[in-house]
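Structure provided below as structure tokens; questions to follow.
Bear in mind the structure is a predicted one, so any value in this text is a computation, not a measurement. Every number for a ligand or one of its atoms is a count from 1 in the order of the listing.
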Amino acid sequence: GPDSPTPSDPDKRDAALVRQLVHCFGEAADSPTGIATANWRHDTATTPPAGPKPGPHTPPDPAPVLRRPHWDGRLHVAAAETAADHPGYLDGAIEAGRRVASALA
Ligand SMILES: Cc1cc2nc3c(=O)[nH]c(=O)nc-3n(C[C@H](O)[C@H](O)[C@H](O)COP(=O)(O)OP(=O)(O)OC[C@H]3O[C@@H](n4cnc5c(N)ncnc54)[C@H](O)[C@@H]3O)c2cc1C
């Protein structure tokens with residue numbers, strides 16, 4: 001909606017982003033050379049196309065490959081967005097953190 005902190009209109013969203021950057025970093029951040037955005041729930045690397053219809057907030061069913069260790073166990077991804085339950089939320093962050101902590105223990 002018009003009062004949403006993250007407007008769906010790309011121009012309004014970019015303007016809100018620049019306002020926030022100026023708030024954090026000052027006037028030097030007022031004229032970025034470019035803005036690139038990505039939506040993980042539209043990215044097949046994080047949201048399999050055969051999964052359920054995307055909800056409003058998160059990847060609803062993150063690809064299991066994100067929960068597996070890589071590089072012979074030297075790379076683990078513990079972000080909330082990898083969680084099987086509540087991806088993209090604090091519960092998901094805790095699940096992901098516990099999974100990787102127990103893998104490293
Ligand atoms: C505005 C907002 C509102 C939210 N409201 C809710 C809510 O009401 N309920 C809910 O459950 N969830 C909410 N969430 C989501 C929740 O906050 C996140 O899902 C959760 O914090 C993600 O945890 P994380 O550990 O995966 O990642 P993060 O908390 O993002 O942690 C990543 C950490 O990595 C650090 N980092 C990044 N790059 C590097 C680097 N190169 N080197 C070293 N460190 C690095 C960052 O500084 C950060 O500390 C909200 C999120 C936002 C943005």
- In ligand 1, which numbered atoms sit nearer than 4.0 Å to a non-hydrogen atom of Ala93? 23 (O)

- Query: What closest approach, in Å, do Val77 and Val100 show between heavy atoms, and which atom pair accounts for it?
  - Reply: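 Looking at all heavy atoms of both residues, the closest pair is O-CG2, 3.8 Å.
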
- Does the protein put a heavy atom under 4.0 Å from atom 23 (O) of ligand 1?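 Under 4.0 Å from atom 23 (O) of ligand 1, at least one protein heavy atom found.
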
- Separation of Asp14 CG from Thr37 OG1 (nearest 0.5 Å):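 Answer rounded to 0.5 Å: 6.0 Å.
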
- Query: Under 4.0 Å from atom 44 (N) of ligand 1, do we find at least one protein heavy atom?
  - Reply: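 No, there is none.
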
- Protein contact to atom 7 (C) of ligand 1 [nearest heavy atom, distance to 0.1 Å]: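 I find the closest protein heavy atom is Tyr89 CD2, 4.8 Å.
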
- Query: Distance below 4.0 Å between atom 52 (C) of ligand 1 and any protein heavy atom?
  - Reply: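 False for atom 52 (C) of ligand 1.
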
- Does His70 use its side chain to pair, donor to acceptor, with the backbone of Val65 at less than 3.5 Å?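 Answer holds: yes.
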
- Item | atom 37 (C) of ligand 1 protein-contacted, heavy-atom criterion under 4.0 angstrom |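 No, there is none.
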
- Query: Within 4.0 Å of atom 5 (N) of ligand 1 (strictly less), any protein heavy atom?
  - Reply: no

- For ligand 1, which part of Ala80 has a heavy atom less than 4.0 Å away: the side chain, the backbone, both, or neither?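 Both parts.
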
- For atom 21 (O) of ligand 1, which protein heavy atom lies nearest, and how many Å away is it?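 Answer, as residue, atom name and distance: Leu90 CD2, 3.6 Å.
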
- Message: I'd like to check which ligand 1 atoms, numbered from 1 as shown, lie under 4.0 Å from a non-hydrogen atom of Ala79.
- Response: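 It comes down to these atoms of ligand 1: 26 (O).
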
- Message: Main chain of Asp85, side chain of Glu95: is a donor-acceptor contact present, judged purely on distance under 3.5 Å?
- Response: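 It does hold such a pair.
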
- Query: If you measure every N/O of Ala78 against every N/O of ligand 1, is any gap under 3.5 Å?
  - Reply: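 No, since none of the N or O atoms of Ala78 sits under 3.5 Å from an N or O of ligand 1.
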
- Message: If hydrophobic clusters are built from ILVMFWY residues whose side chains come within less than 4.5 Å, do Val22 and Leu17 share one?
- Response: yes

- Message: Looking at every non-hydrogen atom in both residues, tell me the closest pair between Ala78 and Ala96 and how far apart they are.
- Response: O-CB, 3.1 Å

- Task: Determine yes or no for a side-chain-to-main-chain donor-acceptor pair under 3.5 angstrom, with Glu81 supplying the side chain and Pro62 the backbone.
- Result: no

- The side-chain hydrogen bond (donor to acceptor under 3.5 Å, both in side chains) partner of Thr82 among Arg67, Arg68, Arg99 is Arg99

- Message: Under 4.0 Å from atom 19 (O) of ligand 1, can you find at least one protein heavy atom?
- Response: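 Given the 4.0 Å cut-off, atom 19 (O) of ligand 1 counts as touching protein heavy atoms.
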
- Note the single closest protein heavy atom to atom 15 (C) of ligand 1, along with its residue, its atom name and the distance in Å.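 That would be Gly88 O, 3.4 Å.
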
- Task: Determine, counting only non-hydrogen atoms of the protein, whether one lies under 4.0 angstrom from atom 28 (P) of ligand 1.
- Result: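 It does not: no protein heavy atom is found less than 4.0 Å away from atom 28 (P) of ligand 1.
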
- Task: Measure from the side-chain N and O atoms of His76 to the backbone N and O of Gly73, and report whether any donor-acceptor pair falls under 3.5 Å.
- Result: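 Pair found, side chain donor or acceptor close to backbone of Gly73.
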
